[in-house]
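Read through the structure below, which is laid out as structure tokens, and then see the notes.
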Amino acid sequence: MTNPKGTLLRPMPAPQTASWPVVTPIYPSVVYASETPDTLDAQYEGRLSGYTYSREGHPNADVVSRRVGALEGIEGGTLMGSGMGAVSAVLLGLFPTGSHIIGGNQLYGRSLRMMNEDLPRLGFGVSLVDACDADAVKAAIRPETKAVLIEVVANPTLRIADVDGIAAVCREAGVLLVVDNTFTTPRGLKAFDHGADIVIHSLTKLLGGHSDVMLGWVGAKDPDIAARLDVFSVTAGFVPSPFDCWLAERGLLTFPLRYDAAEANAVALADHLAGLPGVARVIYPGRPDHPDANRAAGLLEGKGGNMLSLELHGGRAAANAFTTAAEGLAFAPTLGDVGTTISHPASSSHRAMTAEAREALGISEGFFRLSVGLEERDALTEVLTRAVKAASAP
Ligand SMILES: *Cc1c(COP(=O)(O)O)cnc(C)c1O
């Protein structure tokens, strides 16, 4: 591999040096050159490690994938262009037509849509059940059931799934347990240790943490399942961009610090908001008045996370007054950013539901979900106190 004067266009390997960069370089290369057909054979047969075509893998994706795997306590995993890429790989890439999949009835909206719209179109049976109720999962299992997909903390009600109970049901029935651990993150819950066979992440949220990159990750305990997920993602074209991976790697370096700081803010805010006139209720997994307080304490080991929901008295006018007065906090339907974001499910994530269905979940016009960020605590408390006051007298 020589091209000494750089007169030919390629290849021109990087200069040899005795030192190395402390930051992962970005590898935008779509293809990788090999020495000979024999070398290429050895690469494809696994005797030599080497990249070939970047849809099949590239260094920036591998670096991030390994980091997420390490957080979840496994080796490997596959990085995807988005969290939904990871959900799609699991739901579309593993099971034959005629399979039956069970999902939590409060899954992420797009996951629910895939369960309700796409899986039936492809000949899958689907049942949606309350993930707080392991008996309901058990009752829904059929001979052709292949997997149960749950999230640990439901959006936006923040109900806590009976992960251990459902894991026992899955184990007994020989059904795969798939946990979307996006809200909880491995800092809140090590899903594989609680019986998950497959774990999904949207790195777009807390793991990436800066709202500047969309990525997903899927990992499996069983190397055969992991390999099938990997192959399907290559075929389906779920490959992430090297630059996005590079941004996510940078975000991941501070993830534990960001998580702990955001959580500490959320703990303080939850108690503060609960004491304000104008607030009908606060839902936070770390509070004793949470409907699943005991399960949260056990499963999340006292970690309440950064997500909190609150319900204000008053209807849409109060809701409008709240977001207007919450200056400096983005009213935007995402989560896990360094800055606090405010989501209003009735007008965003849950707008397609009938008002009655929303009411059954307790999602009124005054219901907000906060993804608490890293702001200086006094400033955050002050602006939200002002916003609650504004909503009380719109
Ligand atoms: C955002 C999200 C997803 C989808 O991730 P994208 O990166 O937006 O595709 C899946 N599950 C949960 C729980 C999420 O919050």
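First listed ligand is number 1; within each ligand, the first listed atom is number 1. Predicted model, so just to flag it, every value in this text is computed and none were measured.
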>> Taking side-chain hydrogen bond (donor to acceptor under 3.5 Å, both in side chains) as the cut-off, I'd like each qualifying pair that reaches into residues 108-118, sequence neighbours left out, listed once.
In response: Asp118-Arg121
>> I'd like to know if Arg47 and Glu45 make a salt bridge, using a cut-off of under 4.0 Å between side-chain N and carboxylate O.
In response: yes
> Among pairs that include at least one residue of residues 347-371, which meet ring pair (Phe, Tyr, Trp, His ring centres under 6.0 Å), considering only residues two or more places apart or in two chains?
Replying inline: Phe322-Phe368, His344-Phe368
>> Considering only residues two or more places apart or on different chains, which pairs with a residue in residues 229-246 satisfy side-chain hydrogen bond (donor to acceptor under 3.5 Å, both in side chains)?
In response: Thr78-Asp230
>> Quiz question: by atom type and distance under 3.5 Å, do the side chains of Glu151 and Thr182 form a donor-acceptor pair?
In response: no
Could you list each nitrogen or oxygen of ligand 1 that sits under 3.5 Å from a protein nitrogen or oxygen, with the atom names and the distance?
from: ligand 1; atom 1: 5 (O); to: Ser202; atom 2: OG; distance (Å): 3.0
from: ligand 1; atom 1: 7 (O); to: Gly83; atom 2: N; distance (Å): 2.8
from: ligand 1; atom 1: 7 (O); to: Ser202; atom 2: OG; distance (Å): 2.8
from: ligand 1; atom 1: 7 (O); to: Thr204; atom 2: OG1; distance (Å): 2.6
from: ligand 1; atom 1: 9 (O); to: Gly83; atom 2: N; distance (Å): 3.1
from: ligand 1; atom 1: 9 (O); to: Met84; atom 2: N; distance (Å): 2.9
from: ligand 1; atom 1: 11 (N); to: Asp180; atom 2: OD2; distance (Å): 2.6
from: ligand 1; atom 1: 15 (O); to: Lys205; atom 2: NZ; distance (Å): 2.8

> Which of parallel (below 30°), tilted (30 to 60°) and perpendicular (above 60°) describes Phe238 and Phe232?
Replying inline: perpendicular
